[in-house]
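Just the heavy atoms: all of them, side chains too, but no hydrogens, waters or symmetry mates, feed the values below.
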Amino acid sequence: MDEINNLFQGFAVALSFQNLGFMLIGILLGVLIGVLPGLGGANGVAILLPLTFSMTPVSGIIMLSCIYWGALFGGAITSILFNIPGEPWSVATTFDGYPMAQKGRAAHALTTAFTSSFVGALFAILMVTFLAPLVAKFALKFGPPEFFAVQLLTFCSFVGMSKEPPIKTLLSMMLGFALAAVGMDSVTGTLRMTYGQESLLQGFDFLIAVIGLFGLCEILLTMEEGLSFQGKHGRISLRDVLETWQELPKYWATSLRSCLIGCWMGITPGGATPASFMSYGVAKRMSSTPDEFGTGKIEGVVAPETAAHAAGTSALLPMLTLGIPGSPTAAVLLGGLLIWGLQPGPLLFTEQKEFVWGLIASMYLGNIVGLVVVLTTVPWWAAILRIPFSIIAPVIVVICAVGAYTVHNHLLDIGLMVIFGILGYAMKKLKYPVAPLVLALVLGDMAESSFRQSMLLSDGKLSIFFNSGLSAGITILALTLLLLPIFNKIRQLFARR
């Protein structure tokens with residue numbers, strides 16, 4: 001009852017005319033940030049953080065968090081319409097969202113993505129409201145072994161659950177690990193594979209790679225196919241939205257499972273990107289028709305979008321209760337709190353009740369406002385498919401180039417984007433999956449750091465991953481998924497006999 005009373009007081013704060021205005025501005029700016037590839041939610045929040053210095057802490061955090069919600073929503077738009085992930089966590093959405101758009105079901109795909117995002121965020125907000133103390137204690141149990149076990153589970157689930165040949169999946173993933181190793185070693189400080197290029201000291205930026213692998217690659221493939229969008233004649237109407245809402249309840253189990261995966265990955269913290277990949281893989285594994293995934297299956301949009309929003313929202317919980325950011329955006333928000341003179345931690349809930357519960361109330365309202373804003377503009381976004389490819393292709397290339405340049409303000413990044421675009425094109429033509437490469441590039445550094453920290457703690461003994469029940473359980477599950485293709489081959493051999 002105390003939490004409910006505090007929440008009502010938070011709504012009184014968030015529902016002021018001024019804060020509602022900041023909420024709407026934040027959502028619109030966030031959607032724009034999410035649509036532009038290369039900018040990213042964390043970068044967008046960081047760029048706009050100075051705008052909030054003249055505001056009260058409550059108004060400032062409400063606007064910044066709504067920019068985050070808008071970016072989460074907006075990242076799905078270009079993923080579905082152009083196969084260009086606006087955000088890292090939208091990569092998994094392209095697997096089935098873009099094929100749906102190509103089949104003329106752009107409105108259904110966008111409505112599915114937005115509604116699933118709303119459900120995932122709402123689930124996480126309810127958890128933040130009522131389970132904060134319990135979840136904070138659970139997060140404290142995670143050390144380097146547990147973090148590496150979670151990352152290993154993500155990698156192994158891709159190998160065990162992919163419809164691609166396991167060898168091709170592993171080769172693609174190994175290339176991603178090699179690219180992730182470029183730059184300065186975070187443990188020893190030595191340089192690896194930089195070849196004298198100062199711009200490679202920090203390695204290959206994930207956003208530049210994604211823009212090339214998905215954006216330019218798709219342009220090249222479409223040019224080869226005849227300069228046309230297959231789904232450009234898709235018609236959009238309110239009936240499409242209502243039909244999608246009628247269909248979505250069929251996937252309640254996938255949605256609930258994705259919510260749990262997302263919240264777990266957001267709190268631990270694993271992040272929205274691995275949560276979306278893992279949720280997609282689990283949904284495919286649990287489906288009665290796994291072969292339909294990747295061809296435009298609506299369930300393939302529900303799973304990653306629900307998990308990404310649940311992870312992105314729940315990542316704020318350890319930031320508020322422990323001062324441990326669960327995502328890059330949460331880290332930027334943490335910096336904002338410190339600038340405003342607020343110290344995150346358990347005392348924040350007692351000393352700054354108006355701030356904390358005003359923020360939590362704004363999560364509910366911002367999620368609702370975000371859903372309304374993006375759903376009412378679905379026809380505008382989907383209408384982009386009707387623009388001739390000869391007009392829209394140069395625009396996409398320019399946006400990709402600007403997005404790549406703004407990451408570090410280096411012209412070399414545009415060249416790297418082109419190289420990654422050619423690499424993605426070659427991999428598509430040779431029928432090698434691109435997603436494992438992207439996943440390894442995203443999590444490679446994190447996995448390496450967690451593994452090496454674990455080895456330092458155990459004097460090089462791998463048994464550290466089996467010392468605690470939590471890390472042992474996750475590691476055993478990961479190894480089981482890794483060996484799953486071999487088990488399936490053996491089972492097929494015995495079945496033939």
Side-chain angles (χ1 to χ4, degrees), residues 29-48 70-71 74-91 93-94 97-98 101 176 179-180 182-183 194-195 197-229 232 273 328 381 384-385 387-429 434-435 437-438 441-442:
L29 288 174
V31 173
L32 178 62
I33 288 168
V35 167
L36 294 174
L39 194 53
N43 291 334
V45 171
I47 291 169
L48 298 174
I77 294 172
T78 50
S79 298
I80 290 171
L81 295 185
F82 298 118
N83 202 30
I84 304 173
E87 298 287 350
W89 52 78
S90 298
V91 172
T93 306
T94 63
Y98 184 66
L179 293 173
V182 174
T194 57
Y195 302 105
Q197 293 288 335
E198 293 182 3
S199 55
L200 293 179
L201 291 178
Q202 296 180 345
F204 293 109
D205 193 280
F206 167 75
L207 290 172
I208 295 169
V210 165
I211 292 171
L213 287 169
F214 288 90
L216 282 187
C217 171
E218 188 58 37
I219 294 292
L220 294 173
L221 289 170
T222 310
M223 287 173 62
E224 184 183 17
E225 292 168 3
L227 298 176
S228 65
F229 282 132
K232 67 178 180 180
T273 304
W381 301 117
I384 296 174
L385 287 174
I387 302 175
F389 183 81
S390 58
I391 295 176
I392 201 67
V395 176
I396 296 175
V397 172
V398 170
I399 292 175
C400 289
V402 171
Y405 179 78
T406 55
V407 174
H408 297 126
N409 294 329
H410 285 309
L411 286 174
L412 177 64
D413 290 338
I414 298 178
L416 290 174
M417 175 196 70
V418 174
I419 293 173
F420 276 111
I422 296 172
L423 174 63
Y425 174 79
M427 291 181 69
K428 287 286 183 70
K429 298 302 291 184
V434 176
L437 184 154
V438 173
L441 188 59
V442 176

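Remark: I422 pairs with V418 by the side-chain contact (heavy atoms from CB on, under 4.5 Å) rule, at least two apart or across chains. Shown here are the side-chain hydrogen bond (donor to acceptor under 3.5 Å, both in side chains) partners of K429, two or more places apart in sequence or in another chain: E224. Under the rule for a side-chain contact (heavy atoms from CB on, under 4.5 Å), the partners of V434 that lie at least two apart in sequence or sit in another chain are L213, F214, M427, K428, V438.
Nearest heavy atom pair, residue G421 against residue L220, reads O-CD1, 4.0 Å. The minimum heavy-atom distance between A180 and L441, with the atom names listed, is N-CD1, 3.7 Å.
Taken to the nearest 0.5 Å, the CD1 atom of I208 stands 3.0 Å off from the CG atom of D413.
Residue L216 forms a side-chain contact (heavy atoms from CB on, under 4.5 Å) with just one option from I419, L423, V397, and that option is V397.
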